Protein chains: 2
Amino acid sequence: MNIGHASAASGVSAKMIRYYESIGLIPKTVRTEAGYRVYSEQDVHTLRFIRRARDLGFSVEQIADLVSLWRDRERASKDVKTIALGHVSVLERKIRELQEMASTLKHLAENCSGDSRPHCPIIEELANEDSPPVLAKADARFGALGKA
Amino acid sequence: MNIGHASAASGVSAKMIRYYESIGLIPKTVRTEAGYRVYSEQDVHTLRFIRRARDLGFSVEQIADLVSLWRDRERASKDVKTIALGHVSVLERKIRELQEMASTLKHLAENCSGDSRPHCPIIEELANEDSPPVLAKADARFGALGKA
DNA sequence: CTTGACCTTCCCATGATTGGAAGGACTACA
DNA sequence: TGTAGTCCTTCCAATCATGGGAAGGTCAAG
């Protein structure tokens with residue numbers, strides 16, 4: 001099976017499959033004489049595992065740990081649970097940060113008439129000389145949501 | 001006032017001030033003969049405005065819009081409200097995605113004994129041949145939380 | 001006049017992902 | 001056999017906001 005087929009079968013883009021190989025998340029594959037990568041059903045299985053972990057928001061680094069724990073049939077379930085719960089707490093912190101942002105903004109927007117007049121509490125809050133941080137301490141790096 | 005002072009007064013790092021200038025979010029400053037950037041109180045005020053908007057998770061692109069609306073004393077509050085509410089809906093979608101991830105993981109972890117035995121429903125779910133996506137469609141790009 | 005703290009520009013790295021270019025390989029069809 | 005079209009390969013670049021650091025100029029205090 002070539003990379004395009006493995007991609008379709010696993011839901012991981014060919015680009016990402018090559019990337020995962022380059023960073024060592026998955027081992028280098030067998031190649032045909034022409035240099036084409038060849039994948040087995042087991043490889044596709046691994047790729048699906050990786051995709052599901054990505055869907056759950058695990059980082060590539062965490063996924064590497066999960067994959068090796070997956071391969072180790074003797075590992076303790078505690079080790080897996082530790083990673084999962086650690087990730088849950090990161091997710092929950094992130095959720096709280098975003099909820100704070102959203103509720104602050106909603107509160108401001110509720111007090112903004114939203115008509116053609118210039119008065120606007122949203123802008124006024126952002127411009128407020130006296131209120132240092134708008135929120136306590138929401139790590140701005142996790143607030144940015146890209147150009148979605 | 002030089003850039004270090006402006007940074008301390010606004011809470012925006014000197015690195016970011018230069019970056020914001022380079023991308024046109026803030027105008028080029030006056031320079032001393034030696035080439036040092038010089039900032040006024042008004043500039044610091046603008047930087048604080050920007051930092052607060054960042055704290056609320058606005059993208060630089062959105063901040064550019066907010067800054068120009070801020071400067072325009074005749075603008076309609078509707079324009080500001082539209083940006084804010086658009087951002088709120090993005091935040092809320094993101095929150096729902098993360099909540100789905102967290103609840104799926106918590107559910108799996110609750111059923112994982114977390115002891116030294118190998119049985120682990122978390123790994124088993126990730127490895128499950130039959131369940132295509134773990135979650136409906138959580139954009140993986142927003143699931144990754146960096147190496148926090 | 002030296003020391004240290006500041007400033008300047010420039011380049012690089014992050015994380016996961018996508019895009020594209022240039023070129024080789026394979027398949028199907030005439 | 002030729003050729004068109006689709007696949008594959010590698011390499012390079014961009015995203016977004018931010019930090020790190022190097023090399024070198026400037027400034028203020030001692």
Side-chain angles (χ1 to χ4, degrees), chain A residues 1-26 28-39 47 50-64 87 90 94 97 101 138-148, chain B residues 1-26 28-39 47 50-64 87 90 94 97 101 138-148:
Chain A
M1 177 170 16
N2 63 24
I3 200 170
H5 193 163
S7 169
S10 66
V12 179
S13 73
K15 280 275 192 193
M16 289 312 296
I17 295 175
R18 294 193 195 99
Y19 171 70
Y20 290 151
E21 183 188 310
S22 78
I23 62 172
L25 177 56
I26 55 180
K28 290 184 180 171
T29 62
V30 175
R31 302 281 190 123
T32 65
E33 288 184 9
Y36 284 24
R37 288 171 180 81
V38 176
Y39 296 89
L47 287 170
I50 290 170
R51 182 179 52 73
R52 290 196 192 101
R54 282 294 301 140
D55 288 347
L56 286 170
F58 285 99
S59 69
V60 166
E61 192 176 4
Q62 287 172 315
I63 293 173
H87 183 45
V90 171
K94 174 69 177 162
E97 288 176 3
M101 292 182 193
D139 187 327
R141 280 176 304 167
F142 295 159
L145 299 181
K147 52 178 167 183
Chain B
M1 178 171 16
N2 63 23
I3 200 170
H5 193 164
S7 169
S10 67
V12 178
S13 73
K15 279 276 192 191
M16 290 312 297
I17 295 174
R18 294 192 195 100
Y19 171 70
Y20 291 151
E21 182 187 311
S22 79
I23 62 172
L25 178 56
I26 55 180
K28 290 185 180 169
T29 61
V30 174
R31 304 280 190 123
T32 65
E33 288 185 9
Y36 284 24
R37 289 172 179 81
V38 175
Y39 297 89
L47 287 170
I50 290 170
R51 182 180 52 73
R52 291 197 191 100
R54 283 293 301 139
D55 288 348
L56 286 170
F58 285 99
S59 69
V60 166
E61 193 176 4
Q62 286 172 315
I63 294 173
H87 184 45
V90 171
K94 175 69 176 162
E97 288 176 3
M101 292 181 194
D139 187 329
R141 282 176 303 166
F142 295 159
L145 299 180
K147 53 178 165 183

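Note that the coordinates shown come from a computational prediction; the quantities given were computed from them, not determined experimentally. Below, chains carry the letters A, B, ... as their sequence lines are ordered, and counting in each starts from 1.
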Query raised in the report: Reckon B:Arg37 touches a base, only the sugar-phosphate, or nothing at all at heavy-atom distances under 4.0 Å?
Result: sugar-phosphate

Report summary line: Separation of D:dA17 atom P from B:Tyr19 atom OH, nearest Å, is 5 Å

Query - From D:dC8, C:dA16, C:dC11, nucleotide with atom closest to A:Ile3 side chain - result: D:dC8

Requested in this report: Rounded off to whole Å, could you give me the CG-to-C1' distance for the B:Asp55 and D:dT18 pair?
Outcome: 14 Å

Query raised in the report: Closest nucleotide of DNA chain D for B:Val60 versus for B:Ala34: which of these residues is on the 5' side?
Result: B:Val60

**Report entry** Interatomic distance, B:Arg31 CZ vs D:dT26 P [rounded to whole Å]
**Finding:** 13 Å

Query raised in the report: Within less than 4.0 Å of OP1 or OP2 of C:dT17, is there a side-chain N or O belonging to A:Tyr20?
Result: yes

Query raised in the report: Just how far, in rounded Å, is P of D:dA14 from NZ of A:Lys15?
Result: 14 Å

**Report entry** N/O donor-acceptor pair under 3.5 Å between A:Arg51 side chain and A:Ser10 backbone
**Finding:** yes

Query raised in the report: Any sub-3.5 Å donor-acceptor pair from B:Ser7's side-chain atoms to B:Val12's backbone N or O?
Result: yes

Query raised in the report: Can any side-chain N or O of B:Arg18 pair as donor or acceptor with the backbone N or O of B:Ser22 at less than 3.5 Å?
Result: no

Query raised in the report: Can you find an N or O donor on one side and an acceptor on the other, under 3.5 Å apart, linking the side chain of A:Tyr36 with the base of C:dG24?
Result: yes

Query raised in the report: Over how many whole Å does the gap from B:Lys28 atom NZ to C:dT9 atom P extend?
Result: 10 Å

Requested in this report: May I have the distance from A:Met1 (atom CE) to D:dC8 (atom P), rounded to whole angstrom?
Outcome: 12 Å

Query raised in the report: OG1 of B:Thr29 to CD1 of B:Ile17: how many Å apart, nearest 0.5 Å?
Result: 10.0 Å

**Report entry** Below 4.0 Å: OP1/OP2 of D:dG19 and any side-chain N or O of B:Ser13
**Finding:** yes

Requested in this report: Quick one: label B:Thr32 by what it contacts on the DNA or RNA (base, sugar-phosphate, nothing), any heavy atom closer than 4.0 Å.
Outcome: nothing

Query raised in the report: Can you check whether B:Arg54 has a side-chain N or O nearer than 4.0 Å to OP1 or OP2 of D:dT18?
Result: yes

Requested in this report: Could you work out which one of D:dC7, D:dC11, D:dA17 sits closest to the side chain of A:Asn2?
Outcome: D:dC7

Report summary line: Taking D:dG19, C:dT17, D:dT10 as options, the one with an atom nearest any side-chain atom of A:Met16 is C:dT17

Query - Gap between atoms CG and P, on B:Leu25 and D:dC16 respectively (whole Å) - result: 14 Å

Report task. Let me know the distance between CD of B:Glu33 and C1' of D:dT26, rounded to the nearest Å. Result -> 12 Å

Query raised in the report: When rounded to the nearest 0.5 angstrom, what is the spacing between CD1 in B:Ile3 and CD in B:Glu21?
Result: 7.5 Å

